[in-house]
2 protein chains.
Amino acid sequence: MKQETRQEEIIRVAAKLFKEKGYSAVTMRDLATAMNIKAASLYNHINSKQDILESIIISIAEKFTVGMTSVLASNATCIEKLKEIIALHVEISSQNIYGMAALNHDWMHLESQLNHYKKLRSDYENDFKTILIEGVNSGEIIDIKPDVMMFSILTTLRSLYLWIPKKEDVNLKELTNNLNEILIKGVVK
Amino acid sequence: MKQETRQEEIIRVAAKLFKEKGYSAVTMRDLATAMNIKAASLYNHINSKQDILESIIISIAEKFTVGMTSVLASNATCIEKLKEIIALHVEISSQNIYGMAALNHDWMHLESQLNHYKKLRSDYENDFKTILIEGVNSGEIIDIKPDVMMFSILTTLRSLYLWIPKKEDVNLKELTNNLNEILIKGVVK
DNA sequence: GTCTATACACTGATAGAC
DNA sequence: GTCTATCAGTGTATAGAC
């Protein structure tokens, strides 16, 4: 395990505060207090508050993109691909429970990276929808609007970060299995 | 249709801005600009920014509470109750697409009404979970953790506001039917 | 690497004229 | 009911000492 740099520590603590109050409501003084230093000292490690937000959001968004690329590359069935996507969300969410909040709710406060983020997200959704449409065409899943199916599954997966930390005893494998059952069962033919 | 008061107009416009940027990032000057007046003039109609947030969140939260009370009072089966809850969310969300964003993401910025909101929410979730547990006990729905089932269904329903406005052609009846199929099918035995 | 001191734009909100 | 003028407090960020 590589030693955490001071910069990484700041970003980690910031993500936690952003989850609690949102990016706009967290001040550099709040962040400094949580780090037990003064606000001015933060700037020895980071360039701006905006840079912190970018680090958090873009790094996670790119993990999803990489994961989806891997899912698309496989020769699995539609249902198997959906299961892989569920596992991808459980894994990334459980390892980034604070950052996921910023990804979901503070992306609109991105400045220079806003369009980059939007493209990553829309590409991801398009890939997801394509998988569902193929599943409908091959008869694997039910023939209702792919938009509604994607919305239903994806909003559940995107909200995992809200729920995983509440249950400290939650077994991630069991959670994944339960989600597989509930979410897949809802769309399988 | 009753004529909208100036106060109601301010609250409506504020909710729209809160959805776009979040409570903390919206300034009274932003709100005034959107109303085509100056910030100081807002205070002739409202007491504070905080009061606006309270109006938006508490009024919607109480609609859910009233709806749940009605669902609980019926003699319907667990599945029928779930369908009523889905219909409740579709109705409230479609009529409060802006306010739902504040309810979901800005409740932590409530001050005097924070505990009131938290109690309404936790009561609602407990009632929801009770319905699911009864369904498991009666054999109507599958026997997996009620927490996971509730989480999955409720996060989808709570995110409806994000999705309804995107599809201007969406037929709410059809949406409700699709959600009934996907969400119920996922938990039915 | 952290501090104190500070710049200076912006925040919610009020007073009082019209 | 809206305006201008203004206040006290807080926001991000920088300069320079240690």
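Atom CG of A:Leu42 is separated from atom C1' of D:dG11 by 14 Å (rounded to the nearest Å). Rounded to whole angstrom, the span from the CG atom of A:Leu53 across to the C1' atom of D:dT12 amounts to 15 Å. When rounded to the nearest whole Å, the span between CG of A:Asn44 and C1' of C:dT4 equals 15 Å. Here D:dG9 presents its C1' atom at 16 Å from CE of B:Met28, a figure rounded to the nearest Å. Regarding A:Lys49, its NZ atom lies at a distance of 15 Å from the P atom of D:dT14, rounded to whole Å. Atom CD in A:Gln50 sits about 12 Å away from atom P in D:dT12, given to the nearest Å. One atom, CD1 of A:Ile37, and another, P of C:dT2, lie 5 Å apart when rounded to the nearest Å. Following rounding to the nearest Å, A:Met35 (CE) and C:dC3 (P) show an atom-to-atom distance of 11 Å.
Salt-bridge formation is not detected for the pair B:Glu140/B:Lys81: no Lys NZ or Arg NE/NH1/NH2 atom is positioned less than 4.0 Å from an Asp or Glu carboxylate oxygen. In summary, B:Lys145 and A:Glu181 do not engage in a salt bridge, as defined by a charged side-chain N under 4.0 Å from a carboxylate O.
Nearest to the side-chain atoms of A:Lys38 among the listed nucleotides C:dA13, C:dT2, C:dT4 stands C:dT4. Of the candidates D:dG11, C:dC3, C:dT2, the closest approach to any side-chain atom of A:Ala40 belongs to C:dC3. You'll find that the side chain of B:His45 is closest to D:dG1, out of C:dT14, D:dA15, D:dG1. If you check C:dT2, D:dT12, C:dA5 against the side chain of A:Tyr43, the one that comes closest is D:dT12. Nearest nucleotide to the A:Thr27 side chain, out of D:dA13, D:dG11, C:dT2: D:dG11.
Judged purely by atom type and a 3.5 angstrom limit, B:Lys49 uses its side chain to pair as donor or acceptor with the backbone of B:Tyr23.
Side-chain N/O atoms of B:Ser41 include none lying less than 4.0 angstrom from OP1 or OP2 on D:dG1.
Contact of A:Arg29 with D:dG11 (side chain to base): a donor-acceptor pair of N or O atoms is detected under 3.5 Å.
In this structure, the separation between CD on B:Gln113 and CG on B:Asp51 is 9.0 Å, given to the nearest 0.5 Å.
Each of B:Tyr117, B:Tyr124, B:Phe128 was scored for a ring-ring contact (aromatic ring centres under 6.0 Å, His included) with B:Phe64, with one residue passing: B:Tyr124.
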